[in-house]
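See structure below.
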Amino acid sequence: MKFTAEQIAGILEGEVVGNPNAEVSRLSKIEEGEEGSLTFLANPKYVNYIYSTKATVTIVNDSFVPEQDITTTLIKVEDAYAAFSKLLHFYNQVKLNKTGIEAQSFMSEGTKYGENLYLGSFSYIGQNVVLGNNVKIYPNSFIGDNVVIGDNVYVFAGAKIYSESVIGNNCTIHSGVIIGADGFGFAPNENGEYSKVPQIGNVILEDNVDVGANTTIDRATLGSTIIRKGVKLDNQIQIAHNVEIGKNTVIAAQSGVAGSTKIGENCMIGGQVGIAGHLIIGNNVRLQAQSGVARNIKDDEVLQGTPSLGYTDFNKSYVHFKNLPKIVAEVEEIKKQIINPKNGNNG
């Protein structure tokens with residue numbers, strides 16, 4: 001799909017300096033720009049590239065004045081970075097705006113769906129499913145019985161949404177995600193074996209939630225596992241049964257949250273963090289990467305380490321840890337001085 005500089009300027013409310021009919025069909029970095037591509041200049045460190053780039057069109061701040069001859073057509077805007085981000089969003093919408101029900105997909109009778117549905121090949125829709133407007137379900141996806149999905153939701157290839165799950169508006173579920181699998185519920189019996197505890201709850205994702213590839217969110221034993229509005233989950237995260245994650249919290253890859261833990265709002269959790277079960281994590285908490293959390297955490301705490309310590313205490317302790325060989329050597333020297341003082345007096 002091709003766009004002219006004039007069309008792009010219209011989308012961005014910008015001004016064209018150069019050829020308004022210059023056409024582009026792809027995006028590029030400014031240093032890698034080629035004919036037919038669109039790029040942007042926002043960081044002053046990259047200004048030299050605008051004089052050598054082969055990109056056909058470049059978005060720049062309206063304060064930019066070239067000091068040498070340029071061949072690229074400029075689109076001047078108030079904020080080049082924000083404008084390019086807006087364009088990326090627009091480009092993504094156009095690219096992903098598929099509609100229609102492809103062959104070899106299956107939809108159970110009684111499914112209700114809104115406008116502009118896309119259902120990719122080899123996807124399965126169970127009984128009593130409700131799909132909102134502009135839902136896009138890519139190939140090889142599974143939607144179980146009684147699932148409800150809101151408007152403007154993307155379910156990418158190979159995702160699995162188990163029965164009774166509820167997905168809000170404007171959510172993105174990436175490939176390999178599993179929502180609503182059984183929680184890890186087993187009870188030991190008199191024979192020393194483990195018996196399955198039925199998991200009969202569900203999973204609720206509120207509006208504007210993003211779930212990264214291969215992340216799993218388990219259904220509750222009873223009640224719901226709840227991911228609140230605006231939560232962003234990275235790839236390969238495990239969210240256990242009956243967990244609740246507060247709104248606008250973000251969690252980086254390979255983290256795990258054990259059952260029935262409640263995480264507050266606006267938290268930032270780094271990669272490979274492990275959080276034990278049945279804990280209360282407050283609002284605005286920061287957990288540094290690879291922290292292990294085994295206690296309740298108050299609002300606004302910043303922790304690091306395993307077991308996790310206050311961030312400042314951890315850094316102070318780490319300084320001492322690095323100095324342990326030197327400290328041990330000094331202690332040994334003091335012991336020698338006590339036992340064998342230089343004056344020969346052994347006490």
Side-chain angles (χ1 to χ4, degrees), residues 1-3 7 11 25-27 85-181 201-219 224-235 237 239 245 247:
M1 185 175 296
K2 292 184 178 181
F3 294 91
Q7 289 173 321
I11 295 169
S25 59
R26 59 190 180 279
L27 307 175
S85 296
K86 179 180 178 180
L87 199 62
L88 287 175
H89 182 71
F90 175 80
Y91 173 80
N92 218 29
Q93 283 186 318
V94 172
K95 182 179 71 172
L96 299 176
N97 190 29
K98 294 187 174 185
T99 58
I101 299 174
E102 294 183 351
Q104 297 178 303
S105 60
F106 177 82
M107 180 183 293
S108 298
E109 291 185 12
T111 298
K112 298 178 181 179
Y113 58 92
E115 299 177 353
N116 301 318
L117 171 68
Y118 168 65
L119 181 62
S121 295
F122 306 107
S123 292
Y124 175 93
I125 307 293
Q127 296 181 353
N128 304 314
V129 169
V130 178
L131 307 174
N133 297 320
N134 304 309
V135 172
K136 314 298 179 185
I137 300 173
Y138 282 74
N140 295 300
S141 296
F142 170 86
I143 311 295
D145 297 343
N146 306 310
V147 167
V148 176
I149 296 179
D151 298 336
N152 308 312
V153 172
Y154 291 91
V155 179
F156 284 101
K160 308 291 186 286
I161 302 176
Y162 283 37
S163 63
E164 278 74 45
S165 297
V166 178
I167 312 297
N169 301 319
N170 306 311
C171 293
T172 300
I173 298 167
H174 284 283
S175 294
V177 166
I178 297 178
I179 295 175
N202 73 339
V203 174
I204 298 174
L205 269 61
E206 295 187 344
D207 296 346
N208 304 313
V209 171
D210 283 49
V211 184
N214 294 319
T215 283
T216 55
I217 305 173
D218 290 346
R219 70 171 56 242
S224 300
T225 301
I226 304 175
I227 312 300
R228 296 291 184 192
K229 183 177 180 179
V231 168
K232 309 300 180 187
L233 302 177
D234 198 359
N235 304 333
I237 290 171
I239 305 298
I245 301 178
K247 68 179 183 180

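Computed from heavy atoms alone, side chains included, the values below leave out hydrogens, waters and symmetry copies.
No side-chain heavy atom of L205 sits less than 4.5 Å from a side-chain heavy atom of R228. Between K160 and I143, the closest side-chain pair of non-hydrogen atoms is not below 4.5 Å. A heavy-atom distance below 4.5 Å is found between the side chains of I239 and T225. Proximity of V211 to I217: side-chain heavy atoms (C-beta onward) are separated by under 4.5 Å at one or more points. In this structure, the side chains of V130 and I149 stay at 4.5 Å or more apart for every pair of heavy atoms. Looking at I173 and I161, their side chains come closer than 4.5 Å, going by heavy atoms from C-beta outward. Between I11 and F90, the closest side-chain pair of non-hydrogen atoms falls below 4.5 Å. Side-chain contact check for L119 versus M107: some heavy-atom pair is nearer than 4.5 Å.
Taking a 6.0 Å sphere around NZ of K229, one finds it holds 12 or fewer heavy atoms contributed by other residues, nucleotides or ligands. Sparse packing is recorded around OH of Y113, with 12 or fewer heavy atoms of other residues, nucleotides or ligands lying under 6.0 Å away.
When all heavy atoms of S141 and G158 are compared, the closest pair comes out as OG-N, 3.6 Å. Shown here for N169 and D207, the closest heavy-atom pair between the two residues is N-OD1, 2.8 Å. Annotation for I137 and I125: closest pair CD1-CD1, 3.8 Å, computed over non-hydrogen atoms. Taking all atoms of both residues into account, the shortest heavy-atom contact from G120 to E102 is CA-OE1, 3.5 Å. Nearest heavy atom pair, residue K247 against residue V231, reads CA-CG2, 4.3 Å. For the residue pair T215 and N235, the shortest heavy atom distance occurs at OG1-C, 3.5 Å.
Qualifying side chain to side chain donor-acceptor pair (under 3.5 Å) partners for S224, counting only residues two or more places apart in sequence or in other chains: N202. The side-chain contact (heavy atoms from CB on, under 4.5 Å) search around F156 returns L96, Y138, Y154, T172, H174, S175, not counting sequence neighbours. Annotation: side chain to side chain donor-acceptor pair (under 3.5 Å) contacts of K232 (sequence neighbours excluded): D210. For D145, the side-chain contact (heavy atoms from CB on, under 4.5 Å) partners at least two apart in sequence or on another chain are Q127, S163. With sequence neighbours excluded, no residue forms a salt bridge (Lys or Arg N to Asp or Glu O under 4.0 Å) with E164. Every residue meeting the side-chain contact (heavy atoms from CB on, under 4.5 Å) condition with N152, not counting sequence neighbours, appears here in chain and number order: N134, N170.
For the pair N140 (side chain) and A157 (backbone), a donor-acceptor distance under 3.5 Å is absent. At least one donor-acceptor pair under 3.5 Å links the side chain of S121 to the backbone N or O of A103. No side-chain donor-acceptor contact under 3.5 Å links K98 to the backbone of L117. Within the 3.5 Å criterion, the main-chain N or O of G180 finds a donor-acceptor partner in the side chain of R219.
Aromatic ring pairs are classed by plane angle as parallel below 30°, tilted from 30° to 60° and perpendicular above 60°; the pair F142 and Y162 is perpendicular.
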